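Structure first, then comments.
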Amino acid sequence: MSGELEPICEQVRSAFAERRPLKIRGGGSKDFLVSSAAPNILDMRLFSGIVSYEPSELVVTARAGTPLITLERLLEERGQCLPFEPPHLGLQATVGGMVAAGLSGPRRMTHGSVRDYVLGVRMVDGQGRDLTFGGQVIKNVAGFDVSRLMVGAWGSLGVLAEISLKVMPRMPYQMTLEWVMNEAQALKCMNEWAGQPWPISASSFHQGRLRLRLEGVQSVVDAAVRKLKGKEVVDGKGWWMALREQQIEFFSSSKPIWRVSLRPTAPSLGLSGTTLIEWGGAVRWIASDHGATQIQSVARESGGYAQQFRGGNSASPFPESPRGALQTIHRNIKQLFDPAGILNPGLPGFL
Amino acid sequence: MIPCNFFSLQSLWLTENSYTLHLIMADSSKLTEVQIGQALGQWLPSSSILTTAESKRPYETDGLSAYRQMPYVVVLPATEKEVQAVLRYCYDQKIPVVARGAGTGLSGGALPHACGVLLSLAKLKEILEIDVQGCRVRVQPGVRNLAISQAVDSYGLYYAPDPSSQIACTIGGNVAENSGGVHCLKYGLTLHNIWRVRGFTMAGEAVEFGSEAPDSLGFDLMALITGSEGLLAVITEITVRVIPKPISAKVLLASFETVEQAGNAVARIIAAGIIPAGLEMMDALATRAAEDFVHAGYPVEAAAVLLCESDGIPEAVTEELRQMTQILQECGASEIRQARDEAERLKFWAGRKAAFPAVGRISPDYYCIDGTIPRRHLGQVLQRIHLWSKSYGLEVANVFHAGDGNLHPLILYDASIPGAFERTEELAGKILELCVEVGGTITGEHGVGVEKINQMCVQFGAAELEIFHGIKKAFDPAGLLNPGKAIPSLQRCAEGGRMHVHHNQLPHPELPRF
């Protein structure tokens, strides 16, 4: 465990001076998805440990290299959790990688995403400066929200050093229900239930089965189970964990796997291939041989975008770029945080 | 009409950004209000352009009425096209623009610029689309916060963030300030309840942040836009998230003989794994003022009262109330009352939501502070405020969003006494700096605006402030959008003597010190 940030600042400062690109890396669990080609690795696993944890404040601050599993176990001991269920996608996943990747799990639609729970960061910018944004309190509007800007930026704007997160109590009880139906019916059910006060915390549709996780106080879950009348799934917990960690068979398909993020009420995409629907209809996974252009245009028509998640090019993971004024703003922001372009060059690929 | 020029710039924040000052001297000094009005008349009806003193008067201040500044010209566009035209013109002529919603903000964020166009978005007030199944509503920025909930009420949905001013404040202003309310511990801030924001850059280019999907391509610029206090873009359309209305909501009112007991009860409730829908604390002075005003039935002899709300499915509410009651008893509550019915519940909340105007009735003037602190320091912070209140001879009433640590001390003063406002501001500054000292922030939900600009120097170091200026420049290179607000110049911080030594690095070492 090390708490000294200065050596990391020094590494970045010298890289800045020499214009030497750095590949910032935690556990490498998401290298398959997004990975800079820079040859010099800045290994963040050496910068690890919990800085502070106050369960009654609902806030934890951890160093970026802390294994995600260590953080989750600590929270579990105190009856708390990261409600967004971050996918580890590998045993070595770190807290910094979780924030840099910005991926959320099954509970995202009802309980929010990683960025919703980030309260503050300490980071090193592309000139090696030690910067702090946000804080350790839930309500804070002083200055621009730079800490949340780091979420999903894949380390291209700074080296994340310490991250403060809002945490929540674990929900005491859960139950998973299942119905056999077709895709159109499943989407209709998901959409309808989303607007009603059910204790839903996750949903999925795959191979003709709609599954719903109900979570909360037992009396509430039991009451919902009685009214919704689905078939109880015995190992519900196992299903949602496997889905979160992409360990179900779907993800080992030999075909390219696309993740389409879109308006949850969008109708069936009409693409051939195997599909898996999550997040109340707002994420559609598809294992398909369709070309990138076709999948992207379908995604755009439904108010979203498509990303090749497996079997793609991790050095160039986002095939589309923001256009017009937004493109200029993106470039200005990258230039501001990393003027020499040494932090994870090439990422996130949409600049 | 006197052309706007350097000598009419008396407001101190105008010296914030030297580039802005330079531009104003160079360009808009040539144009009179009438000339600007005539030029804008190409795109807007003349009734939407205000240039006379009497017509502009209502815009000279926002909710922070201690600061006043007449705008040079006021425009009220009614369409996105008109907004764009105004921005393009102002960009070409290098005229500063300040966007304004309902003007209920409490930090002077919508305070006009002496040489600038005040861009009111009040006429853009259409609800454009209600998507019940998608749980989202697409609105124009001038739609009032409460009007969104009213529009979807019949579908069993509502918009969760509820700032106290929700009857009047607009959603555009909410996004600009990242507004909170009394239910944000459970339901989040504005940031957590919007999907997509459309608008224009200062140059008049259309931009869109976020999307209809749960994540979008590119950096999370919506995080930057939310709470950016009108410095980055002008918002013309917002898609908000609406959620199912809880079937049941019940509130408990608990009285305590000491503030410490009440604070302890809050920490115990959270530690027990309960996230109440609302958890509010008021001290004795705030309670008495609210009771005199609203007659909510508050216990006026208590040193502190807590409002604890539970909402959701009836079974869950009953269980949560039982747990909270037990904790409140264990923490020494002298009285615990559950609102008998919906009418009494609303009454309990009405008292809390009217706490500011209630204090306004017992004092000629009051000054509202908006710090956030880690909750465990509440006792210590209130103690220090109490001591300072005595030494300054200024009474302070405390209203506290206890669930999320957002503290609103209200300093009572009389502006007609010479020097009273200055002493009040000094005390307010000390309280904010105390919030930072204990690990909190100078503003939880009201924004920095012009009011807390000096305290920004305490909370952030020079390098962070430089990044903030860089972000402003990334969106608005000419520095024309709401210039001088929210982010202090390094020079100002150095001259103000408010040094923030951050990670033991001395800020702006390049500047001479005295």
Side-chain angles (χ1 to χ4, degrees), chain A residues 54-58 79 108-109 112 115-116 129-133 135-146 148-149 151-153 168-169 191-192 194-197 199 216-217 219-220 223 261-265 279 282-283 303-305 318 320 322 324-326 329-330 332-333 336 350, chain B residues 131-135 157 177-178 180 184 192 201 205 207 211-221 223-224 226-228 244 246-247 267 270-271 273 275 313 315-316 319 372 374-376 404-406 439-445 447-448 456 459-460 463-464 467-468 470-471 474-475 503:
Chain A
E54 292 286 342
S56 75
E57 303 278 348
L58 302 172
R108 189 264 176 266
M109 287 309 273
R115 67 88 95 151
D116 290 339
R129 295 187 297 182
D130 175 356
L131 306 172
T132 300
F133 297 101
Q136 282 83 45
V137 288
I138 292 165
K139 257 178 167 177
N140 182 2
V141 294
F144 298 127
D145 198 346
V146 174
R148 289 190 173 96
L149 177 69
V151 182
M168 291 296 255
N191 292 158
E192 257 171 32
Q196 297 165 359
V217 182
S219 56
V220 174
S261 174
L262 73 187
R263 190 188 326 120
T265 50
W279 296 9
V283 162
Y305 74 101
F318 296 98
E320 293 173 273
L326 276 185
I329 295 169
H330 273 84
N332 290 346
I333 299 250
L336 171 68
F350 48 63
Chain B
D131 174 5
V132 176
Q133 300 235 316
C135 292
L157 300 168
E177 300 292 325
N178 192 14
C184 34
H192 303 104
T201 64
E205 293 171 297
V207 277
S211 73
E212 293 179 86
D215 37 58
S216 13
L217 208 58
F219 294 134
D220 193 342
L221 299 183
L224 288 183
T226 314
S228 62
I247 298 169
I270 305 285
I275 301 295
I313 294 161
E315 293 91 335
E319 173 59 17
T372 302
R375 239 185 286 101
R376 63 188 179 280
D404 48 41
N406 190 195
T441 173
I442 57 167
T443 175
E445 57 182 357
V448 174
M456 283 292 282
Q459 185 158 341
F460 293 100
E464 285 85 356
I467 292 282
F468 290 152
I471 290 172
F475 285 77
H503 299 317

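In what follows, every chain begins at residue 1, and chains take the letters A, B, ... in the order their sequences are listed. On a predicted model such as this, the values are computed, not experimentally measured, just so you know.
- Options B:P214, B:C135, B:G470 differ in how many heavy-atom pairs under 4.5 Å they form with chain A, and the most are formed by B:P214.
- For the set A:G143, A:P264, A:A282, the entry with the most heavy-atom pairs within less than 4.5 Å of chain B is A:G143.
- For the pair A:L149 and B:L224, the minimum side-chain heavy-atom distance is below 4.5 Å.
- Of all the listed residues (A:I333, A:V217, A:V283), the one sharing the greatest number of non-hydrogen pairs under 4.5 Å with chain B is A:I333.
- When all heavy atoms of B:V448 and A:A142 are compared, the closest pair comes out as CG2-CA, 4.1 Å.
- Contact record, B:H192 with A:R148: NE2-NH2, 3.8 Å, taken as the closest heavy-atom pair.
- Residue with the most contacts toward chain B among A:V137, A:T265, A:L58: A:V137 (heavy-atom pairs, distance under 4.5 Å).
- Considering only heavy atoms from C-beta on, A:N332 stays 4.5 Å or farther from B:F475 through its side chain.
- Nearest approach of B:E464 to A:T132, heavy atoms of both residues: OE2-N, 2.7 Å.
- For the 3.5 Å distance criterion, the side chains of B:T372 and A:N140 fail to qualify, holding no donor opposite an acceptor.
- Ranked by heavy-atom pairs shorter than 4.5 Å toward chain A, the options B:T201, B:I275, B:I442 are led by B:I275.
- A 4.5 Å side-chain heavy-atom check between B:E205 and A:I329 finds every atom pair outside the cut-off.
- Contacts between A:V141 and chain B at a heavy-atom distance below 4.5 Å involve backbone atoms as well as side-chain atoms.
- Between A:V220 and B:E319, every side-chain heavy-atom pair lies at or beyond the 4.5 Å cut-off.
- Of the two parts of B:L157, only the side chain, counted from C-beta on, holds a non-hydrogen atom closer than 4.5 Å to a non-hydrogen atom of chain A.
- Counting heavy-atom pairs under 4.5 Å between each of B:G440, B:G439, B:G273 and chain A puts B:G273 at the top.
- With a 4.5 Å cut-off on non-hydrogen atoms, A:M109 touches chain B through its backbone and its side chain both.
- Among the candidates B:G134, B:S216, B:G227, B:C184, the residue making the largest number of heavy-atom pairs closer than 4.5 Å to chain A is B:S216.
- In terms of the ring pair (Phe, Tyr, Trp, His ring centres under 6.0 Å) criterion, residue partners of B:F219 (sequence neighbours excluded) are, by chain and number, A:H330, A:F350.
- Only the side chain of A:R115 comes within less than 4.5 Å of a heavy atom in chain B; its backbone stays farther off.
- Of all non-hydrogen atoms in A:S56 and B:A271, the two that sit nearest each other are CB-CB, 4.2 Å.
- Of the residues considered (B:V207, B:N178, B:I270, B:L217), B:L217 shows the highest number of contacts with chain A, using heavy-atom pairs under 4.5 Å.
- Atoms CD1 and OG1, from A:I138 and B:T441 in turn, are 13.0 Å apart once rounded to the nearest 0.5 Å.
- By number of non-hydrogen pairs under 4.5 angstrom with chain B, the leading residue of A:G112, A:G304, A:A223, A:A194 is A:A194.
- Of all heavy-atom pairs between B:I313 and A:P197, the closest is CD1-O, 3.6 Å.
- Looking at A:Q196, the atoms closer than 4.5 Å to chain B (heavy atoms on both sides) all sit in the backbone: N, CA, C or O.
- Within the 4.5 Å cutoff, the side chain of B:P374 has no heavy atoms near those of the A:E54 side chain.
- In terms of heavy-atom pairs under 4.5 angstrom with chain B, the leader among A:G216, A:S261, A:A325 is A:S261.
- Between chain A and the options B:D131, B:I471, B:I467, the largest number of non-hydrogen pairs under 4.5 Å is found for B:I467.
- Across B:G180 and A:K139, no two heavy atoms sit closer than the pair CA-CE, 4.2 Å.
- Using a 4.5 Å cut-off between heavy atoms, A:Y305 touches chain B through its side chain atoms alone.
- Proximity of A:D145 to B:T226: side-chain heavy atoms (C-beta onward) are nowhere separated by under 4.5 Å.
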